[in-house]
Amino acid sequence: MVGAVLRAGIVLVTGWLAVLFAAGAVHAAPVASDTPTQAAYLAQQLRNNPVYISDELPRVVPRSTAPAFAKEARRLGVPTYVVILPYTSVGALDSGLLAQIHDRLGRKGLYVSVSELGLDNVQAYGVSVPGADDARTATMYEMPHDATPRESFQRFVDVLTSGQAHERAEKGRDEYGGAYNSHEPPKLHTDSVDRQNQSFLTGTVVAGVPLAALLISNYAMRRRRASRADGPTGPGGSSGSSGSGSSGDPGGADRGKKYAATKSPGTKVSSAKAGEPKNAGAAKAGATTRGTTKTGNTKPSSTKPRSRKPSAPKAVSRPGHTASRPRKRSFAPERSFPLGLGALVLAGLLAFGASLVFHDTTSGDGSVPTAADMRARADRVADGLRHDPLYVDPESPSPLDTAQRSRLHDQLGALHVPTLVAALPTSMDDESGGRTELLAKSLHDRLRRNALFVFANPTSGSLDIVNYGTPVDAAYLFDRPHDLQYGAGDGSTLGPRLSKLLTYLDKAPVSKTAGSPDAPSPAADPVAAQKLPGLFTGDFAPGLFSGSLAALLFFGLVVAVWAIVRWLTGLRRPAGAGAPSGAPAEPTSAWLRRTARQEVAALTTTLEPTAMAEESRRRAWECLDAAALLIDGDSDGRIDADATPVGLACAITLARVGRAAVQDPAAAEYVCYRNPLHGAATARERKRPAGGGKPVSLPVCAACRERPGAVLRLRGSDGYGRQGYAPYSTLPGPLATLADGARIDQLTRDVREYFGVQ
C-alpha cells in the first residue's frame, strides 16, 4: 500500500515538473528560435544562393542585380560567395564576419564582402587564389568614390584575372596612397552637379564663341575697309564728290594763341555771299582792295570784311570726276548678314557637339530597382512583427543580448498600449530614404493594426516613436522619453534605453482621442533620381549670359592688344617708314583744333618780316590767307566754334605747306595725296584707278613712298544725317581735290572760290 502511494506521488510530481518545463520552453521559444546570429543568418542565405544582397540597399544595389554579381564571380574559376550588406553591418576588416560565415556554411571557396562604399574584405578558405589581397588593394585605389558596388566587384574580378594584381596594387599605392595625397581617380558617372556645370559650360561656349567671332570678324572687316582708300586714287575706293553743305562739328570757342590774319598783296576781297553773283557782291558796300604789306615790326593788316560764313558754300568740282553721294560708314546689311548667319551656324554646331560630348542621360551603372526590391525590407520587417512585437534585424550585429530581449518581451506583454519595436538600421539608400515615418506607414499598411511603432537604430542608437491610432498623450510621448531619443552614437546602450522607454510608456496617460501622424510625403523615385536633367536646361541660360559677357570682354581685349601692337609697331618703325608723327589717320576734333591753332600760329611767326624769295612769300601768304578763311571767318584771331573737321584739316595742311614754302617753294607744290596732314610731297607713285584705266602718277610723302600709310579719315556726315569717320575724299570741301593730286595753288584758289573771295 505504501509502495503504491509512493509510486503515485512520484508520477504526480513528475507530471507537474513536465508541465512546468514544457511551459517554460514554450515561453522561451520566441527568444531562442527566432533570433539567429548575423553569421548564422547570412550562412543560411548563402546556402540557398552564393550571392546575397541585403534588402536595405535597394537604391544602390537592387536585389535583382544578384545574377550580374554571380556572372562576374564565375569568371574567377573557384567557388565564390558574395555578401552585400550596409557598411555599418559589415564591420571592420578584423571583425571576423567572413570567417564566421565560413564556419557556419562549411564550404570551401573565396568569400567576398561588399558594401555601398565598395569592396570591403576578401578571404579564401580551402582554395588557392593568388593575388586576392593585392586585387582588393588595387580595386580600393583605382575606383573613385562614385563607383557602385557592382562596378567595384567587377574591377576586383578584372584585376584578379589579369595576372597583374601585385603591380597594380603597388601602382595604386604610389599614385593615390600616402598621407599627403588628396586626389583620387576621375569620376565614373555624371551626377546632377556635373550636369549643371556641363549646361553652364555649354551655354558659355554656344554664346561666347560665335559672338566673339562675329565681333572680331566685323572689326577686322571694318579695319580693312578703313585701310583702303574709298576715293578714286585710294586703294579699293570709288570716286567721291564735294557735295553741297557740310556738317559742323562745334567744339566751343578756342581760346588759343591769337594770330595775325595777314593777306598777300594784290588780292581783292568780294563781300558777296556764296551763291550770289560776283558782280552783285562787288557792288555791295564793304568791298575793298587789300593794302600792301607794311614794313617794320607791325604785322600786315587785312581789309577782308567780317561776314558770316556762307550757309550754302559753292561746291568745288573735282576735275575728271562726277559728283556722287558719300559712301555710308555703317556696316552694310548685305555684308553683316553672312557674318550673322555664320555665327548662328557655328552656335548650332557647338550645341550639337556638346550634346555628343555630354551624352549621359542617367547616373550610376544602370541598375534600377524593381518594385519587389523596394518593398522587400518592409515585407520582411512586417512579417517578423506579426510573430513577435520585438523585431531585431538579423542582417546586422545584434545590439541586444538574451537577457535584454527577455526583459523587453516581458515589458511589451505588460503594456496597456499595443507597441511594436523594430531594431534595425536606416540609411539614405533604403526604400524610405532613411525616413522612419515612411517605414512606419509601410508597416502600418501591411499589418493593418493600430500600434505605437518604436524604431531603434543599432548604428546610431537613436529612438523614434510613431503613433498610429493609440490613445496615448502625444505631449507625454514627446516630453518624457525625449532624453532617450539619442544615445552615445552606437547601440551599446540600446537595450537599457529601450527598457526605460517602455517603462515610460507603461505609465503614459491615456488620451481621449487616438493619435495619428500626418501622411508623410513620398520618398524620391529612384529611377527619377538617377535621371539627369537635359543639357540645355538649368544653368544653360546663365551660361548664355556669361558667354556673352565673356565675348564682349574678349573682344575688348583683342582691340586693346591690337592697338598696343600698332602703337609698338609705330615706335619701332624706322625713320621714313609709315605715317609721320603728328599726322594720325583718324584725328579727333580736339586734336584738329589744337594742331590748327599751333600750325597757323607757327606760320604767322615765320612770315614776320624775313628775307625770302618772292615765290616763297607769295605761296606762304596764300596758304595763310586760305587757312584764315577756313577757320577764322570772324577775323577775331580765334578758331571759330563751328569750324568743321574738314576745314581744320585743310587749314593744318595749308599751314604746314606754307612753312615748307618758306624754305623751298618748289618743294611745297604738292602734298601727300594719302594723308594731306603728312605735308609736302617729295616723290610720286603710280596708281591704277579703282574703275580701271591707265595708271596715274600721284604725289606722296617720303614715308608713304617707302610704306603706304592709311588714307586720312575725318568725321563728317554720310549724307543721311549719321556722323562718323569717312575718307576725306568723300567729304564736301576743297580738301577733297588733293586726293586727285592737285597742286597747292589749286587748293588755295578753290578755298577762295569756296568762300567767294577774289
- Task: Answer yes or no: is there a side-chain heavy-atom contact under 4.5 Å between His678 and Cys704?
- Result: yes
- Message: Can you confirm whether Ile639 sits close enough to Asp632 that some side-chain heavy atom of one is under 4.5 Å from a side-chain heavy atom of the other?
- Response: no
- State, without any angle test, whether Gln198 and Asp194 hold a side-chain donor-acceptor pair at a distance under 3.5 Å. no
- In Å, rounded to the nearest 0.5 Å, how long is the span from CZ of Arg715 to OG1 of Thr588? 10.0 Å
- Message: Quick one, Arg593 with Asp640, criterion salt bridge (Lys or Arg N to Asp or Glu O under 4.0 Å). Give me CA distance, side-chain angles, the key distance, then yes/no.
- Response: CA-CA 10 Å; Arg593 298 182 71 86; Asp640 297 337; over 6 Å; no
- Query: Closest approach of Leu654 and Ala626, non-hydrogen atoms and distance?
  - Reply: CD1-CB, 3.4 Å
- Can you tell me how far CG of Leu350 sits from CG of Leu346, rounded to the nearest 0.5 angstrom? 4.5 Å
- Message: Any heavy-atom pair between the side chains of Asp539 and Arg195 that's under 4.5 Å?
- Response: no
- Message: Surrounding CZ of Phe352 (heavy atoms of other residues, nucleotides or ligands, distance under 6.0 Å), is the total greater than 12?
- Response: no
- Message: So, taking the atom named OG1 in Thr537 and the one named CD in Gln196, what distance separates them when rounded to the nearest 0.5 Å?
- Response: 6.5 Å
- Note on the structure: Closest non-hydrogen contact found for Pro210 with Val205 is CD-O, 3.4 Å
- Note on the structure: In this structure, CZ of Arg713 is separated from CD of Glu586 (nearest 0.5 Å) by 5.5 Å
- Task: Just do the salt bridge (Lys or Arg N to Asp or Glu O under 4.0 Å) check on Glu622 and Arg618 with the steps written out, would you?
- Result: CA-CA 6 Å; Glu622 288 182 352; Arg618 179 193 66 80; 2.9 Å; yes
- For Val600 and Ala627, which heavy atoms make the closest approach, and how far apart are they? CG2-CB, 4.3 Å
- Query: Does atom CZ of Phe358 have more than 12 heavy-atom neighbours, drawn from other residues, nucleotides or ligands, at distances under 6.0 Å?
  - Reply: yes
- Item | Tyr728/Val646 under side-chain contact (heavy atoms from CB on, under 4.5 Å): CA gap, chis, key distance, verdict | CA-CA 7 Å; Tyr728 79 96; Val646 177; over 6 Å; no
- Message: side-chain contact (heavy atoms from CB on, under 4.5 Å) for Ser548 and Leu552? Distances and angles first, verdict last.
- Response: CA-CA 6 Å; Ser548 301; Leu552 295 177; 5.7 Å; no
- Is the backbone of Asp360 close enough, under 3.5 Å, to the side chain of Thr190 for a donor and an acceptor to pair up by distance? no
- Message: If you define the side chain from C-beta out and look only at heavy atoms, does anything of Arg656 sit under 4.5 Å from Thr595?
- Response: yes
- Item | Closest contact, heavy atoms only, Cys672 versus Ala681 | N-CB, 4.0 Å
- Where Asn675 and Ala585 come nearest, the two heavy atoms and their spacing: ND2-CA, 4.1 Å
- Item | Approximate separation, where rounding is to 0.5 Å, of Leu629 CG and Thr748 OG1 | 10.5 Å
- Sort out for me which residue in Leu735, Leu714, Thr653, Leu592 forms a side-chain contact (heavy atoms from CB on, under 4.5 Å) with Leu648. Leu592
- Message: When you measure from the side chain of Thr730 to the backbone of Ala726, do you find a donor-acceptor pair of N or O atoms at a distance under 3.5 Å?
- Response: no
- Could you give me the CA-CA distance, side-chain angles and deciding distance for Val209 and Thr204, then say whether side-chain contact (heavy atoms from CB on, under 4.5 Å) is met? CA-CA 8 Å; Val209 173; Thr204 302; over 6 Å; no
- Do Cys701 and Arg674 have side-chain heavy atoms sitting under 4.5 Å apart? no
- Message: Return the CG to CG distance between Leu544 and Leu549, rounded to the nearest 0.5 Å.
- Response: 11.0 Å
- Message: I want to check a possible cation-pi pair here: Arg684 against Tyr670, using under 6.0 Å from ring centre and within 45° of the ring axis as the test.
- Response: yes
- Message: With side-chain contact (heavy atoms from CB on, under 4.5 Å) as the criterion, how do Phe200 and Phe540 come out once you've worked through the C-alpha distance, each side chain's angles and the decisive distance to 0.1 Å?
- Response: CA-CA 5 Å; Phe200 184 83; Phe540 179 73; over 6 Å; no
- Message: Please evaluate residues Arg619 and Glu615 with respect to the criterion salt bridge (Lys or Arg N to Asp or Glu O under 4.0 Å), reporting the C-alpha separation (whole Å), side-chain torsions for both, the decisive distance (0.1 Å), and the verdict.
- Response: CA-CA 6 Å; Arg619 181 161 292 166; Glu615 182 64 18; 3.6 Å; yes
- Task: Identify which one of Val657, Leu738, Val671 satisfies the side-chain contact (heavy atoms from CB on, under 4.5 Å) criterion when paired with Leu747.
- Result: Leu738
- Close side-chain approach of Ile216 and Phe554, heavy atoms under 4.5 Å: yes
- Identify the two heavy atoms, one from Pro584 and one from Leu712, that lie closest to each other, and give their separation to 0.1 Å. O-CD1, 3.8 Å
